[in-house]
Every structure is written in C-alpha cells, then in structure tokens.
Asks: 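Let me begin by handing over the structure; questions about it come next.
One-based numbering along the sequence shown.
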Amino acid sequence: MPKSKSGAARGSEDGSRGLAEWEKSAPRLPKYEEVRPTGSVQPQDHEVQEGQLEQAREAKRHIGVVSATFLIVNRVIGTGIFATPGAILALSGSVGLSLFIWVAGMLIAAAGTAVYLEFGTAIPKNGGEKNYLEYVFRKPKFLTTSLYTGYVVLLGWASGNSVIFGEYILHAANVEVNRWNQRGIGLACITAAFLIHGTALKWGIRFQNLLGMIKVVIILIIVVAGWVALAGHLKLPDDRKPHNFTNAFEGTTGSAYGVVTALYNVIWSYIGYSNANYALSETKNPIRTLKIAAPMAIAVISVFYMFVNIAYFAAVPKDEILAARRLVAASLFRNVFGGTAERALSVFVSLSAFGNVLSVIFSQGRLVQELGREGVLPFSRFFASNRPFNAPLAGLFEHWLVSVIIMLAPPPGDAYDFILNLISYPLAIVNTFVAAGLLHLYLNRKEWNWNPPITATMPVVIFFMLSNIYLVAAPFVPPENGQNIYKTLPYWIHCVVGFGIIAAGAVYWLVWAVILPRIGGYELVREMTVDEIDGWESSVFAKRAVGSGRR
C-alpha cells in the first residue's frame with residue numbers, strides 16, 4: 001500500500017519534519033504485510049481525497065502549549081499531594097526522611113520527563129510509550145504490542161482519584177464516609193468525565209484547563225497557609241503547635257519496604273509527566289509544544305510539591321498527620337483558618353481530583369483507541385472509531401468500565417492504597433523497558449541513526465532505569481514492624497497482580513498470534529484503512545492462508 005503523505009501537511013513544519021526524518025532514516029519496524037483495500041481510485045480523485053483527509057487531520061490538531069501544559073498539570077496534580085503525605089510519613093517514620101523521599105521522587109520524575117521528551121520529539125504521534133517500545137523491541141512479532149495491551153486495557157488509572165473525589169466531597173458535607181457512599185460519588189465523578197470527553201471534546205479540554213488553573217490556585221493557597229503557620233499564626237493551643245522541624249529525623253525507620261512503598265506514593269503524585277505524549281497527533285507543532293510544556297509543567301509542580309509538604313509539617317503536628325492520613329490538607333486548613341475553611345478546601349481538593357480524572361480518561365481513552373487503530377484489540381474497528389461525536393467514545397468507555405470495576409472491587413480501607421500501588425507498579429516495569437530501549441539506542445546510535453531534537457543524556461537514562469528496577473524489585477522484601485500498608489491484603493498483592501496484568505498480554509499474544517494461526521493454517525495480514533471522519537490511518541488484521549502470497 002502506498003505510504004500516506006508526509007507529516008508536513010499534518011502539523012507544523014517543525015513537528016512534521018521530525019516525524020518525516022524518523023520515518024525516512026530510522027530502521028523500519030518489521031514489515032508486516034500491508035494490503036491495499038479493494039477498489040481503485042483515479043489519480044485526480046485520489047488527490048482531492050487526500051486533500052480532504054489532510055484537512056480532517058489538521059482539524060484534529062487542537063492542543064497548543066497551554067492545553068498541553070494543563071494536560072500534564074491536571075494529570076500530575078490529582079489528589080496525591082493532598083492524600084499521600086500521611087502515608088509517606090507513616091512509612092518513613094520521620095519528617096526528614098519523608099522530605100528526602102519526596103526529593104527522590106522528584107528526581108525520578110525529572111529523569112522520566114527527559115526520557116519521554118526525547119522519545120516524544122523523535123516520534124511525535126499518539127500512543128506514548130507504546131510507540132517507543134514497539135520501535136526498539138521488535139521480535140517476536142506483535143509481542144511488545146500485546147504485552148502493552150494488557151497494561152493499558154486492564155488497568156483503571158482513573159479509579160484512584162475517583163475514590164478520593166468521593167471521600168473529600170463527603171468530608172466537605174460533614175457526612176460520614178463509608179464504602180458505598182464514597183464509591184457511589186466516585187462512580188458519578190468518573191461517569192461525568194467519560195461523558196464530557198466522549199461527547200463534547202473541545203468543551204472537555206476547556207473545562208480541564210479551567211480545573212487546572214483552580215488547582216494551581218489551591219496549591220498557592222496551601223503554600224501561603226504554610227508561611228502563615230511558620231510565622232506562628234495557628235488556631236491551636238501552644239502545647240499543640242507542631243515542632244516537626246526541630247528533630248526532623250526522629251523516628252526514622254528506613255526499612256526497604258517502607259521506603260519503596262513511600263516512594264510509590266510520591267511517584268503516584270508525579271504520574272502524568274508523559275501525559276502530553278499520548279496526544280501528539282492532536283497537537284499543534286508537536287515537537288515545539290512538547291519541548292515547552294513538559295519541562296515547564298514538571299519544574300513548577302516540583303517546586304509546588306516541596307512547598308506544600310513544608311506547609312503541612314509547619315501547620316499540622318506529626319501525630320495529627322498520621323491520624324488524618326488522606327485528609328492532611330483539610331487538617332492544615334482547619335489549623336490555620338478554622339473549620340469553615342477546612343470544608344471549603346475539601347471542595348477544592350475534590351475539584352482537583354475531578355480535573356485529574358478528566359485528564360486521565362482523556363489520555364487512556366486515546367491509548368485504547370490507538371490499540372484499536374493498530375488492529376490488536378478484538379473489535380478493533382469499534383475501538384478505533386471516533387463516531388458518533390468525533391471523539392474516542394469507545395476507548396473512553398473501555399477505560400471507564402475497567403476503572404469502575406477496580407474502584408468497586410477492593411475491600412473497604414484498602415481500596416485507595418491498592419489502586420495506587422497497582423497502577424504505580426506496572427508503570428515501573430514499563431518505564432524500565434522504556435529506559436532500557438533508549439539506552440540501547442544510545443549504544444547503537446549510528447546503526448539506528450538516532451538523532452532526535454532533544455537528548456536526555458546517558459547518565460539520566462541510566463538513573464531512570466536503575467531507579468525503576470529498584471521499584472520493581474524492592475516491594476518483594478517483606479515489611480518490618482507491621483509496616484504493611486494494607487489492613488487485610490498481603491503486602492505483595494499489587495506486585496503479583498501487576499505482573500499478572502502484563503502476563504495477560506503475553507497469553508493473548510500466544511493465543512492470537514501464535515497458536516490460532518498455526519491451528520488454522522493462516523498468517524496475520526495487516527490491512528490499512530483511512531477513517532473518513534478524521535483522516536487517520538487504521539489497521540485491521542486479516543487471516544491469509546499460509547503460502548498464498550501477497551494479494
């Protein structure tokens with residue numbers, strides 16, 4: 001089948017040139033059989049049709065620097081910075097060590113941003129790490145894509161912040177939180193996000209940007225509250241005022257399980273630095289936009305996070321932080337501004353959670369859609385479609401469904417921690433291979449002709465890879481002194497389930513791409529189609545009898 005036109009018409013000259021150079025100079029992916037759809041088109045008609053398709057593609061590019069920045073901000077600033085500091089303090093044992101763990105998480109996030117920035121500017125297309133893993137790890141055929149499919153399809157990323165949305169809304173209303181009212185409100189949250197992005201895409205992005213601005217304002221208010229607390233203006237008796245910085249390392253535990261689980265909480269709070277990479281086909285001037293948006297968003301968020309943690313420790317006594325757990329931000333506002341302000345903050349935090357759910361379902365729906373476009377999923381045409389609202393409604397629905405199941409299934413008390421770790425753990429596995437793939441490109445730069453617009457540098461890539469290997473291995477070390485983060489679940493449950501999710505992709509590959517073709521005497525052949533709504537190419541796999549040759 002003839003290749004589609006150069007990306008020069010699909011976006012800005014800067015972004016398309018990077019894609020065109022990659023397609024021309026880099027080693028090609030294994031050449032799956034591409035079959036031209038039946039029918040013929042006259043040259044004049046073909047040119048008119050291509051022009052119309054290019055216009056359709058251009059119409060899909062509605063993400064600029066501001067929207068790309070808020071895609072990252074909304075994804076990163078969810079509820080982690082409001083809900084995890086208590087757990088991090090409990091696992092580390094001291095204020096000093098918990099702050100060092102936040103610094104370590106910040107460095108890992110910065111390294112990850114650099115790695116994804118290099119890959120994103122080299123391959124500026126929708127799909128994120130799916131594209132990067134497929135580019136490097138090419139054999140056995142289809143295995144990488146299938147493994148990644150299990151990771152994308154079976155994880156409900158939006159579930160964690162939906163749960164916290166329910167908790168903070170109930171806290172603001174002075175209603176006792178229980179398993180079902182919390183999750184019922186969380187279900188309403190994720191359903192609203194699904195419907196907004198599935199039926200009104202542009203308005204969803206505008207609303208998402210507005211919530212991103214509100215988040216920044218909330219963070220700034222918390223930072224100012226911390227300064228007020230440091231000046232000694234607290235609504236607490238003198239004997240209750242915190243002195244957390246006096247003996248900052250008192251109570252440090254430092255066990256491997258405690259540190260790594262605390263680090264997972266920090267990483268959960270930073271998840272999303274690669275969020276703009278998932279929608280680069282919908283981004284104006286993608287290379288330039290990503291160069292600006294990703295570093296700026298992560299740098300600002302990192303500074304905010306450190307100031308917010310200092311504010312918590314300045315305003316809330318250590319024992320109260322441990323007791324408040326996921327409501328530590330509410331405790332800060334109560335101690336600085338009083339009870340009314342505490343309930344107001346709970347509303348603001350719930351809005352932050354909703355903004356995160358909007359951002360998560362926006363990107364994850366596109367990953368499901370991209371897998372549909374690749375023809376990997378069952379009913380791929382359905383998942384690849386933008387019908388009927390010119391938005392990936394089917395991909396969004398798949399993520400909504402899995403998130404709802406994960407949100408409702410865990411036992412009360414362990415739901416949030418299990419969801420947090422279940423999402424963070426497989427991400428560490430994926431990031432290990434992403435970093436290893438980039439390191440391989442560095443070591444074979446000439447052979448692969450790897451010269452992207454931005455380079456993360458080898459020390460940064462090695463640091464990112466080693467830190468993620470540690471995050472994969474350390475959780476198997478048994479916890480000490482009752483440090484198991486779960487009340488009823490075994491400490492290793494998220495590790496086993498995480499590996500199981502990725503292994504499910506391997507089982508799918510074995511059945512779909514190996515066993516069934518051998519039994520049926522056929523091979524998988526990729527057929528390319530073009531969607532008349534958005535002009536994007538899709539692929540489906542047809543079965544061709546072995547030895548029948550190219551059609």
Asks: Determine, step by step, whether Asn431 and Tyr116 satisfy the side-chain contact (heavy atoms from CB on, under 4.5 Å) criterion, reporting the C-alpha distance in whole Å, the side-chain angles of both residues, the deciding distance to 0.1 Å, and the verdict.
Replies: CA-CA 10 Å; Asn431 282 340; Tyr116 278 87; 2.6 Å; yes
Asks: Under 3.5 Å, side chain of Ser352 to main-chain N/O of Lys215, donor-acceptor pair present?
Replies: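 Here the side-chain-to-backbone pair does not exist.
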Asks: Taking Thr289 for its side chain and Pro286 for its backbone only, find out whether a donor-acceptor pair lies under 3.5 Å.
Replies: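 Such a contact is absent between Thr289 side chain and Pro286 backbone.
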Asks: Using a distance-only test with no angle check, is there a side-chain donor-acceptor pair under 3.5 angstrom linking Gln182 and Tyr168?
Replies: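 On atom types as modelled, these side chains do not qualify, holding no pair under 3.5 Å.
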Asks: Could you check if a side-chain atom of Lys130 sits within less than 4.5 angstrom of a side-chain atom of Thr149, using non-hydrogen atoms only?
Replies: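 Counting from C-beta outward, Lys130 and Thr149 never come under 4.5 Å.
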Asks: Please name the pair of heavy atoms, one in Ala111 and one in Phe463, separated by the smallest distance, quoted to 0.1 Å.
Replies: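 Smallest interatomic distance, heavy atoms only, reads CB-CD2, 3.8 Å.
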Asks: Let me confirm one number: the CH2-CG distance from Trp203 to Leu210, rounded to the nearest 0.5 Å.
Replies: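 With rounding to 0.5 Å, CH2 (Trp203) is 11.0 Å from CG (Leu210).
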Asks: side-chain contact (heavy atoms from CB on, under 4.5 Å) for Phe464 and Ile108? Distances and angles first, verdict last.
Replies: CA-CA 6 Å; Phe464 187 59; Ile108 293 172; 4.1 Å; yes
Asks: For the residue pair Asn309 and Trp102, what are the closest heavy atoms and their distance?
Replies: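 Smallest heavy-atom distance, with atoms named: OD1-NE1, 3.1 Å.
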Asks: Is the closest side-chain donor-acceptor distance between Asn449 and Asn451 under 3.5 Å?
Replies: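 Yes, side-chain donor-acceptor contact under 3.5 Å.
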Asks: Output yes when Arg138 and Glu134 qualify as a salt bridge under the 4.0 Å nitrogen-oxygen rule, no when they do not.
Replies: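 Looking at Arg138 and Glu134, the cut-off is not met.
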Asks: Val266 and Gly105: which non-hydrogen atoms are nearest, and at how many Å?
Replies: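 It is CG1-CA, 3.6 Å.
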Asks: As an exercise, state the distance from NE2 of His171 to OG of Ser350, rounded to the nearest 0.5 Å.
Replies: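 Rounded to the nearest 0.5 Å, the NE2-OG separation comes out at 11.0 Å.
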Asks: Pair Tyr305, Tyr270 - check ring-ring contact (aromatic ring centres under 6.0 Å, His included), show working.
Replies: CA-CA 10 Å; Tyr305 275 8; Tyr270 272 105; 5.0 Å; yes
Asks: Dump the intermediate steps for side-chain contact (heavy atoms from CB on, under 4.5 Å) on Ile81 and Ile219, then the final yes or no.
Replies: CA-CA 9 Å; Ile81 188 60; Ile219 293 288; 4.2 Å; yes
Asks: Identify the heavy atoms of Thr432 and Met465 that sit nearest to each other, and give their distance.
Replies: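 Taking Thr432 first and Met465 second, the nearest heavy atoms are O-CG, 4.0 Å.
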Asks: Show your working on side-chain contact (heavy atoms from CB on, under 4.5 Å) between Tyr132 and Glu118 and close with a plain yes or no.
Replies: CA-CA 10 Å; Tyr132 318 146; Glu118 176 165 354; over 6 Å; no
Asks: If you round to the nearest 0.5 Å, how far is CD1 of Ile218 from CD1 of Ile77?
Replies: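 The distance works out to 9.0 Å.
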Asks: May I ask you to decide if Leu71's main-chain N or O and Ser359's side chain share a donor-acceptor pair within less than 3.5 Å?
Replies: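 Yes.
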Asks: I want to check something: taking the side chain as every heavy atom from C-beta on, are Val357 and Phe165 in contact at a cut-off of under 4.5 Å?
Replies: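 A side-chain contact under 4.5 Å is absent here.
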Asks: Does Phe337, at its CZ atom, have more than 12 non-hydrogen atoms belonging to other residues, nucleotides or ligands within less than 6.0 Å?
Replies: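 Yes, the 6.0 Å shell around CZ holds more than 12 heavy atoms from other groups.
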Asks: Ignoring hydrogens, what is the shortest heavy-atom contact between Val402 and Gly156? Give both atom names and the distance.
Replies: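 The pair with the smallest heavy-atom distance is CG1-N, 3.8 Å.
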Asks: Hey, are the side chains of Val103 and Met106 touching, using non-hydrogen atoms and a 4.5 Å cut-off?
Replies: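 The answer is yes; the side chains approach within 4.5 Å.
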Asks: Say whether, by atom type as modelled, one donor and one acceptor occur between the side chain of His440 and the main chain of Val136 under 3.5 angstrom.
Replies: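 No.
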Asks: Ring-plane angle category for Trp227 and Phe307, please: parallel below 30°, perpendicular beyond 60°, tilted otherwise.
Replies: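 Perpendicular, since the angle between the ring planes exceeds 60°.
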Asks: With heavy-atom distances below 4.5 Å as the criterion, would you say the side chains of Phe333 and Ile221 are in contact?
Replies: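 When only atoms from C-beta onward are counted, Ile221 and Phe333 do touch, with a gap below 4.5 Å.
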Asks: Hey, is the main chain of Tyr273 close enough, under 3.5 Å, to the side chain of Thr113 for a donor-acceptor pair?
Replies: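 No, because the side chain of Thr113 does not come within donor-acceptor range (under 3.5 Å) of the backbone of Tyr273.
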Asks: Has Tyr151 got more than 12 heavy atoms of other residues, nucleotides or ligands less than 6.0 Å from its OH?
Replies: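 Atom OH in Tyr151 is crowded, with more than 12 foreign heavy atoms closer than 6.0 Å.
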Asks: Decide whether Tyr148 and Asn131 meet the rule of one side-chain donor and one side-chain acceptor closer than 3.5 Å.
Replies: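 No donor-acceptor contact under 3.5 Å links the two side chains.
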Asks: Distance-only, no hydrogens or angles: does the Thr121 side chain make a donor-acceptor pair with backbone N or O of Leu117 under 3.5 Å?
Replies: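 Present.
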Asks: Please determine whether ring-ring contact (aromatic ring centres under 6.0 Å, His included) holds for the pair Phe119 and Trp450, giving the CA-CA distance in whole Å, both sets of side-chain angles, and the decisive distance to 0.1 Å.
Replies: CA-CA 10 Å; Phe119 266 128; Trp450 184 253; 5.7 Å; yes
Asks: So which heavy atom on Leu211 is nearest to which on Phe354, and how close?
Replies: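 It is CD1-CD2, 3.8 Å.
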Asks: Within the side chain of Tyr312, is there an N or O that forms a donor-acceptor pair under 3.5 Å with the backbone of Pro85?
Replies: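 No: the side chain of Tyr312 does not pair with the backbone of Pro85.
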